[in-house]
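One structure is given here, and the rest of the page talks about it.
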Number of protein chains: 2
Amino acid sequence: MARSKGVTIRDVAQRAGVSVAAVSMALNGTGTLSAATRLRVRAVAEEMDYQADALARGLRRSSVGAIGLVMRSLDSLGEYAPRGVDVFSRYIGAVSAQAMDRGLSVMLVPDLTKRPTPPLALSLDGYIVTMPHVDDPVVELLERREIPYVTLGRDPDRPEFTDWATEDEQLSFRRIYEHFAANGARSIALVRGTDPNAWNIDSEATYRAWCESAGITPRVYRSAERAGERGGESVAHTIVDDGVPDAILCHTGRQAAGVLVGLTARGVAVPDRTMLAAASDSEHTRHSRPAISAVELHAVETTLALLDLLQARIAGEPSAGPVLTTSRFRIRASSRRTHPSA
Amino acid sequence: MARSKGVTIRDVAQRAGVSVAAVSMALNGTGTLSAATRLRVRAVAEEMDYQADALARGLRRSSVGAIGLVMRSLDSLGEYAPRGVDVFSRYIGAVSAQAMDRGLSVMLVPDLTKRPTPPLALSLDGYIVTMPHVDDPVVELLERREIPYVTLGRDPDRPEFTDWATEDEQLSFRRIYEHFAANGARSIALVRGTDPNAWNIDSEATYRAWCESAGITPRVYRSAERAGERGGESVAHTIVDDGVPDAILCHTGRQAAGVLVGLTARGVAVPDRTMLAAASDSEHTRHSRPAISAVELHAVETTLALLDLLQARIAGEPSAGPVLTTSRFRIRASSRRTHPSA
DNA sequence: TTGAAAGCGCTAACAC
DNA sequence: GTGTTAGCGCTTTCAA
């Protein structure tokens, strides 16, 4: 409340014997000041440990040096600290760390459209929106308020929007199918999530295209992201009932871990009877028995790209996106066969 | 930049046919307005989708509805997204989620004392500082700027400071020692970290006290937090060289996992030859072979307490701290013996 | 090259 | 009850 607001620009001006305008110019490198005053003012500011008030500055410049991060997957998960799922939180860490390197702070913001709107949310310089939905209200809001944003994963509604980056999931998916095929798989099932984001939509399309080219009949199963391992487990039963395929690819590590449990319960051996893989790595894939092959996401690279895009966007520069980064498919026991062609 | 700043208080005032002051009062429930105008103004504001500018408001009220989270352990780890360590990130998630429920946004702020200071850092309403150090410059800065803060883990320098919460680690530690003792341990070694925070200081004290009361000679080893599993591994060799104790307690899950690797390399069987446990759970403890007994931290409870304390502190109310929450010691294979007294 | 002054959007005294 | 007004700390014309 009645907090000591620290050294203000007036204090510096007074001490340096110049006007506040001069101080502002000196510190921001703007205007036409003599090198002498500029230096003197800077010295005084330094000495007084002056720090410009971000709020006041923001009020004038309408830019505060902070960006927002809104994780749509978490919003729809309904839980912000899911156990064993370190993907999101590592992502938060990665974004914060990278942003800090650029002098940007990161604010984690929940669904912006839910009232009351988090204070400051509308005052941030820009946003990183992860995995936007179809008809995403958050995107719609940012668009309407003309707040710059970039997305992790393309916006499924706007093919013309190019400020996004992602790990090249479609490439990874194809690699996995090929890996399965090389190990003798003739039938492959896909377990996807239900969030209507590009990740789910595009990978199903990739899957169907691949099936078509390989002459395989597609088998697509759905399990809500928030159902986690349980969802995977129950899907496993359905899959077994439908007839065990040669291989199963799950979108998330949690789903895959659940599927593994379900398969095991039904006496289906992995990888001998059917192979298993996940399109995103997590604690679950790394530590299931057998360990589950999975795509290791490299949050850092993608984050760097996103920050570049966002900063360009904020600066009003033309978009250089989209950016696709490559991730690594790590083969583990769940899809490793001693006899390549069974 | 030239962003459409949205609906301002003047727009609302004009439309409602009142002064800006009236609008401010109506929306904030302050002053003496007739119920009629208050309602009318609110209706108009609602209709126009008016949202007060957080910066302008903050400039006047010096409070922005956002708090900072500064994680000293991460600062000293030198890495903001360590792999497999979900404690921190789950903590970030927990804080964000809880804070959001209270209408607070959370900004992850790196070491505040490093220049350049993150914008907004000094304008936040308060701070949660996790695991402050001895002579912690961040604490010192907050103190000097009179910014309210609470800490996760006590401030080792200020016994009189009571605005902190923590899981009752000392209780957990004693439980572990008793568990070891009940399984026949006569000698127990402690592997602690090197960060000079309360967690390290107090647990060593607890250990020594317990040893004294049990008539056991203390054996304390140190491994820097940032050395992770490698550090634990190398400590294991030292421990073996010094003579294998009946049980080993490590502070972190990473250390414990490393120690396990080291012990195994030296042919020391766990839990048969020596038992092992960790004072904080992580992916490493859950999935080592054998799985390592560990204290499961309940971030949510502690976070709730911290937010209560912080909000009281911000409101200028007296401190209700410190708050100790209890965590659960989960016994896993690394300390489970078939013959209780070996 | 510098200073004075307007004003960003809001809150809170103080008039009326 | 309600309106007028003076700032919060800063940036940025515009004069001097």
Side-chain angles (χ1 to χ4, degrees), chain A residues 1-42 44-45 48-65 117 119-123 125 145, chain B residues 1-42 44-45 48-65 117 119-123 125 145:
Chain A
M1 216 85 224
R3 206 149 92 207
S4 68
K5 293 286 283 184
V7 185
T8 78
I9 197 172
R10 296 170 59 142
D11 301 331
V12 179
Q14 194 159 8
R15 187 93 107 83
V18 294
S19 72
V20 290
V23 177
S24 174
M25 290 166 157
L27 265 31
N28 292 310
T30 56
T32 53
L33 276 188
S34 72
T37 20
R38 204 174 288 269
L39 249 49
R40 185 160 45 84
V41 169
R42 284 193 181 158
V44 173
M48 297 179 76
D49 192 29
Y50 167 73
Q51 316 253 101
D53 181 294
L55 297 179
R57 171 173 280 176
L59 192 55
R60 290 276 355 189
R61 301 216 279 220
S62 57
S63 119
V64 289
T117 308
L120 280 179
L122 268 14
S123 307
D125 297 350
R145 306 286 296 222
Chain B
M1 217 85 223
R3 205 150 90 209
S4 68
K5 292 287 281 183
V7 185
T8 79
I9 198 172
R10 295 170 59 143
D11 302 330
V12 179
Q14 194 159 10
R15 186 93 108 84
V18 294
S19 72
V20 290
V23 177
S24 174
M25 289 166 158
L27 265 32
N28 293 310
T30 56
T32 54
L33 274 190
S34 73
T37 22
R38 203 174 290 266
L39 248 50
R40 186 159 45 85
V41 169
R42 284 193 181 160
V44 172
M48 299 180 74
D49 192 29
Y50 167 74
Q51 314 255 103
D53 182 295
L55 298 178
R57 171 175 279 175
L59 193 55
R60 290 276 357 188
R61 302 216 278 219
S62 55
S63 121
V64 289
T117 308
L120 280 179
L122 268 15
S123 306
D125 296 349
R145 306 284 296 221

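- Closest contact between the side chain of B:Arg60 and the listed nucleotides D:dT5, D:dA6, C:dT1 involves D:dA6.
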A:Arg10/A:Gln14 under side chain to side chain contact (heavy atoms under 4.5 Å, CB included): CA gap, chis, key distance, verdict
CA-CA 6 Å; A:Arg10 296 170 59 142; A:Gln14 194 159 8; 5.7 Å; no
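- Between the CZ atom of B:Arg38 and the OG1 atom of B:Thr32 there is a distance of 8.0 Å, given to the nearest 0.5 Å.
- Residue A:Met25 is the one, among A:Met25 and B:Thr30, whose nearest nucleotide of DNA chain C lies closer to the 5' end (criterion: closest heavy atom).
- Nearest to the side chain of A:Thr32, among D:dG1, C:dT1, D:dG9, sits C:dT1.
- Distances were taken from every side-chain heavy atom of A:Ser19 (C-beta onward) to each of D:dG1, C:dT2, C:dG3; the shortest belongs to C:dG3.
- In this entry the distance linking CG of A:Leu27 with P of D:dG9 reads 16 Å, nearest Å.
- Under a 3.5 Å cut-off, the side chain of A:Arg145 and the backbone N or O of B:Gly6 do not form any donor-acceptor pair.
- Rounded to a whole Å, the CD atom of B:Gln14 is 18 Å from the P atom of D:dT2.
- Atom CG of B:Leu33 is separated from atom P of C:dC16 by 20 Å (rounded to the nearest Å).
- Under the salt bridge (Lys or Arg N to Asp or Glu O under 4.0 Å) criterion, B:Arg15 pairs with B:Glu47, not counting sequence neighbours.
- Remark: P of D:dC10 and CG of A:Leu55 are 10 Å apart, rounded to the nearest angstrom.
- When all heavy atoms are compared, the tightest approach of A:Ala56 to B:Leu59 is CB-CD1, 3.7 Å.
- Comparing atom distances between the A:Thr37 side chain and each of C:dT1, D:dC8, D:dC10 picks out C:dT1 as nearest.
- C:dC8 atom P lies 13 Å from atom CD1 of B:Ile9, rounded to whole Å.
- Relative to the side chain of A:Leu59, the nucleotides C:dT11, D:dG9, C:dT2 differ in distance, and D:dG9 lies closest.
- Screening B:Val12, B:Val23, B:Val18 for a side-chain contact (heavy atoms from CB on, under 4.5 Å) involving B:Val44 leaves a single residue, B:Val12.
- Nucleic acid contact for B:Ala21: base, since at least one base atom lies under 4.0 Å from a heavy atom of the residue.
- Protein atom CG of A:Asp53 is 12 Å distant from nucleotide atom P of D:dC8, rounded to whole Å.
- Distance A:Asn28 CG to D:dT12 P: 7 Å, rounded to the nearest Å.
- Counting only heavy atoms from C-beta on, B:Val18 has its side chain closest to D:dG3 among D:dT5, D:dC10, D:dG3.
- Of all heavy-atom pairs between B:Asp125 and B:Ser63, the closest is OD1-CA, 3.0 Å.
- For A:Arg10 and C:dG3, the CZ to C1' distance is 14 Å, given to the nearest whole Å.
- At its two ends the helix from C:dT1-D:dA16 to C:dC16-D:dG1 runs along axes set 50° apart, each axis drawn from five pairs and the angle rounded to 10°.
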